[in-house]
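Numbers here are sequence positions counted from 1. Fair warning: this is a prediction, and the values are worked out from it, not measured in the lab.
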Amino acid sequence: MHIAEGFLPPAHAVAWGAASAPFVVHGARSLIREVREHPESTLLLGASGAFTFVLSALKLPSVTGSCSHPTGTGLGAILFRPPVMAVLGTITLLFQALLLAHGGLTTLGANIFSMAIVGPWAGYGVYRLLRRYGVPLMVAVFSGAFVADLATYCVTSVQLALAFPDPGSGFLGALGKFGSIFAVTQIPLAVSEGLLTVLVMRMLVQSSKGELTRLGVLVTSAAGRKTADSAQAVAR
């Protein structure tokens, strides 16, 4: 879902960069606080970033100026909350632009906004809502990863439609065009990403149960879930 280098008009590129900057700064503060207070989480943070980097580097051609791919941001958002994922996603997108020619520097702000900000927040919101109503962990994880992927694709479609409205039908016509073309590859990718995220979470449950409990992902009861949520809110 990366928009290619130089594809957006300069004014749009600057605007999306300005919109993304506050989220990245806030996320950097959250990340620094997490590492300072819980240095043992560094390994899991690195794994979340690597998961995002690898999945989002698997691109499939979808439409001129962009591509479809998994995002991998749902896992990090569930584990460490969306602000931290804004930083991990930004680092991922920056390295991909510099090393893989995937995305670009002029479109970095737009790609950050869709993949590292809106996607994680949408996925995390769905995950938390489902968990609040007692939905099993793995179902909530799948749904969160699925929505994070699709939300990214929806925002990218909006960004492209704003930059290149259809001559006849305007913004809405362009949005329908970009959205329908992306959907062909993005919906199956979102399902696949949800399943893969579930597999990774199952492995983490086996290998890092204590850390997942501290992060509030694993709780033993409804009362425990409420306590964990309160602790997470105070910590952040």
(Q) So does P83 get a backbone contact from the side chain of S30, meaning a donor-acceptor N/O pair under 3.5 Å? (A) no
Q | Straight-line distance of Y127 OH to L75 CG, nearest 0.5 Å | A | 10.5 Å
Q. Is it the case that one hydrophobic cluster holds both L150 and L195, taking links as side-chain heavy atoms less than 4.5 Å apart, direct or via other members?
A. yes
Q. So, for G179 and S157, which heavy atoms are closest and what is the spacing to 0.1 Å?
A. CA-OG, 3.7 Å
Q) Are M201 and V139 connected in the hydrophobic side-chain network, where two residues link if heavy atoms are under 4.5 Å apart? A) yes
**Q.** Between CG on residue L31 and CZ on residue R36, distance to nearest 0.5 Å
**A.** 10.5 Å
Q. Rounded to the nearest 0.5 Å, what separation is found between the CZ atom of R132 and the CZ atom of R128?
A. 6.0 Å
Q: Indicate if L43 and F51 have the same hydrophobic cluster label, given that clusters are the connected sets of ILVMFWY residues with side-chain heavy-atom separations under 4.5 angstrom.
A: no
**Q.** Rounded distance (nearest 0.5 Å) linking atom CZ of F164 with atom CZ of F178
**A.** 7.0 Å
Q. Got a donor-acceptor contact below 3.5 angstrom from the S20 side chain to the G109 backbone?
A. yes
Q) Which class fits the ring pair F113 and W16: parallel under 30°, tilted 30 to 60°, perpendicular over 60°? A) tilted
Q: With rounding to the nearest 0.5 Å, note down the distance linking CD1 in I112 to OG1 in T107.
A: 9.5 Å
Q. Is the shortest heavy-atom distance from the side chain of F80 to the side chain of L44 under 4.5 Å?
A. yes
Q) Are any of the side-chain heavy atoms of L204 and V217 separated by less than 4.5 Å? A) no
Q) Side-chain contact, heavy-atom cut-off 4.5 Å: F142 with L130? A) no
List the atom pairs, with distances to 0.1 Å, where a side-chain N or O of residues 166-176 and a protein N or O form a donor-acceptor pair under 3.5 Å, not counting sequence neighbours.
| unit_1 | atom_1 | unit_2 | atom_2 | d |
| --- | --- | --- | --- | --- |
| D166 | OD2 | G168 | N | 2.9 |
| D166 | OD2 | S169 | N | 3.0 |
| D166 | OD2 | S169 | OG | 3.1 |

Q | Shortest non-hydrogen separation from T71 to D149 and the atoms involved | A | N-OD2, 3.7 Å
Q: Taking the side chain as every heavy atom from C-beta outward, state whether F7 and L160 have any atom pair closer than 4.5 Å.
A: yes
Q. Can you list the steps and then say if Q186 with T156 is a side chain to side chain contact (heavy atoms under 4.5 Å, CB included)?
A. CA-CA 12 Å; Q186 202 65 37; T156 301; over 6 Å; no
Q. What pair of heavy atoms forms the shortest contact from V126 to S143, and how long is it?
A. CG1-CB, 4.0 Å
(Q) How long is the straight-line distance from CD1 of I3 back to CG of L108, given to the nearest 0.5 Å? (A) 11.0 Å
Q. Side chains of H12 and Q159: does their closest heavy-atom pair fall under 4.5 Å?
A. no
Q.
Looking at every non-hydrogen atom in both residues, tell me the closest pair between V135 and A140 and how far apart they are.
A. CG1-N, 4.1 Å
(Q) In the structure I gave you, are the side-chain heavy atoms of L212 and L79 within less than 4.5 Å of one another anywhere? (A) yes
Q) Please, which pairs that meet salt bridge (Lys or Arg N to Asp or Glu O under 4.0 Å) have at least one residue in residues 40-50, sequence neighbours excluded? A) E40-R214
Q: Decide yes or no for E34 and L215: does some side-chain heavy atom of the first lie under 4.5 Å from some side-chain heavy atom of the second?
A: yes
Q.
Same cluster or not: V14 versus L105, using hydrophobic residues (I, L, V, M, F, W, Y) connected whenever any side-chain heavy atoms lie under 4.5 Å apart?
A. no
(Q) Please find the pair of heavy atoms, one from G27 and one from V87, that lie closest to each other, and give the distance. (A) C-CG2, 3.1 Å
Just list the side-chain donor-acceptor pairs under 3.5 Å for residues 89-101, sequence neighbours left out, or say none.
| unit_1 | atom_1 | unit_2 | atom_2 | d |
| --- | --- | --- | --- | --- |
| T90 | OG1 | A86 | O | 2.7 |
| T92 | OG1 | L88 | O | 3.0 |
| Q96 | OE1 | H2 | NE2 | 2.6 |
| Q96 | NE2 | F53 | O | 3.1 |
| Q96 | NE2 | S56 | OG | 2.8 |

Q) Which pair of heavy atoms, one from P39 and one from T42, lies closest together, and at what distance? A) O-OG1, 2.8 Å
(Q) Quick check: is V141 connected to Y133 through a chain of hydrophobic side chains (ILVMFWY, heavy atoms under 4.5 Å apart)? (A) no
Q: Evaluate the side-chain proximity of R131 to L137: yes if any heavy-atom separation is below 4.5 Å, no if none is.
A: yes
Q: Please check if the side chain of E193 supplies one atom and the backbone of G72 the other of a donor-acceptor pair under 3.5 Å.
A: yes
